[in-house]
Amino acid sequence: MSEHNPFPGENNTGHFWDEDLRELTNDPPTWWRMGFHASWILVIGYTIWYPSWPLVSSHFEGVSGWTAIGEYKADLKEVEGVRAPFEEKIASMSAADILKDQQLNEYVQRSAKVLFGDKCAACHGSGGAGNPGFPVLADDDWLYGGTIDKIVETITNGRMGMMPAHAGTLSDQELRDVAKYVTGLNSGTEYAPGKAIFTGKGACFACHGMDAKGMHALGSANLTDGIWRFAPGGEESAYHTIKFGVNVPGNAESRNAVMPKFGGNLSESDIKKLAVYVYNLGGGQ
Ligand code: HEC
Ligand code: HEC
């Protein structure tokens with residue numbers, strides 16, 4: 001080959017194209033070689049430092065002791081470190097006092113939102129907006145009272161409103177009359193035949209009050225505000241409630257209204273947080 005080499009003495013490989021285009025045997029540039037060596041050193045260093053090579057039943061754990069779960073736990077500890085002072089305060093304060101503390105209130109608002117979504121939203125809707133048959137929590141209308149203490153009590157012990165069925169004590173006409181009376185109350189019309197039953201034979205006043213505004217101690221709904229707790233609302237729906245009652249044992253047509261008890265199921269701190277959250281949605285009287 002060398003006899004054809006037009007560039008004798010040059011460090012070419014003897015391959016030529018287009019007469020003078022040829023391949024030389026120069027070393028790669030220094031920068032390239034440094035990069036090459038740096039990269040394999042890095043690879044070896046990395047596999048020694050971090051967990052890497054698979055072994056028969058485990059893996060090489062690396063000399064640094066780093067693990068993904070360890071990093072996660074360290075991060076979690078940092079988060080808990082930030083939360084700890086808040087959580088300690090919440091554990092030792094009453095819900096009413098938490099409510100008065102601006103900073104705690106904001107913290108609770110954020111952490112209880114998730115809790116509410118997990119434990120309460122299935123029945124009460126997201127943000128307490130209510131679902132058919134489940135009371136709205138984001139309004140001013142309270143069956144059992146909207147003070148912070150009442151809300152804590154409701155969540156801790158649960159609630160179960162009781163109203164007897166009136167199918168046996170009132171005639172169908174009387175049931176219709178009294179339903180017409182109560183559903184007319186929020187528009188200011190007073191249906192006299194129905195009122196007579198409400199305040200007389202039906203004895204509705206005993207639980208709902210003469211003014212039909214309900215009593216928090218019994219959870220007997222306010223019937224004058226046009227807010228209907230049982231779907232779909234309106235005269236026919238009220239007729240159904242009055243006829244079959246609420247939570248009447250053994251009566252399949254009776255309205256179902258059970259707020260489960262969360263005491264013992266959720267921590268006291270979680271209950272306080274939820275109470276503050278619910279109060280902020282629409283608490284008051
Ligand atoms: C299984 C469905 C269900 C779940 C879950 C549930 N609730 Fe209730 N809740 C009800 C029902 C039904 C009532 C109404 C009880 C009644 O009418 O006597 C109610 C009533 C309430 C009341 C009283 C409302 C008022 O007007 O006085 C509050 C406050 C409340 N729930 C908060 C919560 C919170 C907070 C959670 C989550 C920890 C929760 N509920 C989870 C069904 C539920
Ligand atoms: C023993 C007490 C009691 C008596 C008597 C009673 N109620 Fe009720 N009533 C309740 C309670 C408690 C509720 C709320 C149930 C719940 O939400 O858990 C209720 C709910 C209602 C509702 C549904 C309100 C809504 O928001 O959907 C209507 C309507 C009603 N009562 C009408 C009457 C009428 C009319 C009478 C008389 C014929 C009457 N009630 C007698 C306790 C009573």
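Remember, it's a predicted structure, so these values are computed and weren't measured experimentally. Just so you know, residue 1 is the first one in the sequence shown, and it goes up from there. In listed order, ligands and their atoms are each counted from 1.
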I'd like to know if [X] and [Y] make a salt bridge, using a cut-off of under 4.0 Å between side-chain N and carboxylate O.
X: Arg176; Y: Glu236; result: yes
X: Glu87; Y: Lys273; result: yes
X: Lys180; Y: Glu235; result: no
X: Asp97; Y: Lys100; result: yes
X: Glu253; Y: Lys243; result: no

Exercise. Of the backbone and side-chain N, O or S atoms of Met163, does one lie nearer to atom 8 (Fe) of ligand 2 than 2.8 Å?
Worked result: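 Yes - counting backbone and side chain alike, Met163 has an N, O or S atom under 2.8 Å.
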Problem set entry | Under 2.8 Å: N/O/S of His208 next to atom 8 (Fe) of ligand 2 |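 Coordinating: yes.
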Exercise. Is it the side chain (CB and beyond), the backbone, both or neither of Pro164 that lies under 4.0 Å from ligand 2, heavy atoms counted?
Worked result: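 Pro164 to ligand 2: side-chain contact only, backbone stays beyond 4.0 Å.
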Exercise. Quick one: does ligand 1 sit under 4.0 Å from the side chain of Trp142, the backbone, both or neither, non-hydrogen atoms only?
Worked result: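 Both parts.
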Problem set entry | Contact check: Arg229 vs ligand 2, nitrogen or oxygen atoms, below 3.5 angstrom |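 Arg229 vs ligand 2: N/O contact under 3.5 Å present.
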For this session: Flag Leu218 as yes when one of its N or O atoms lies below 3.5 Å from any N or O atom of ligand 2, and as no otherwise.
Result: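 No: no nitrogen or oxygen of Leu218 is under 3.5 Å from one in ligand 2.
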Problem set entry | Close N or O approach (Ile155, ligand 1; < 3.5 Å) |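 No; every N/O pair is 3.5 Å or more apart.
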Exercise. In terms of residue, atom name and distance, what is the protein heavy atom nearest to atom 11 (C) of ligand 2?
Worked result: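 Scanning the protein heavy atoms, the shortest distance from atom 11 (C) of ligand 2 goes to Ser220 CA, 3.5 Å.
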Exercise. Strictly under 2.8 Å, is any N, O or S atom of His124 next to atom 8 (Fe) of ligand 1?
Worked result: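 Yes, since at least one N, O or S atom of His124 sits under 2.8 Å from atom 8 (Fe) of ligand 1.
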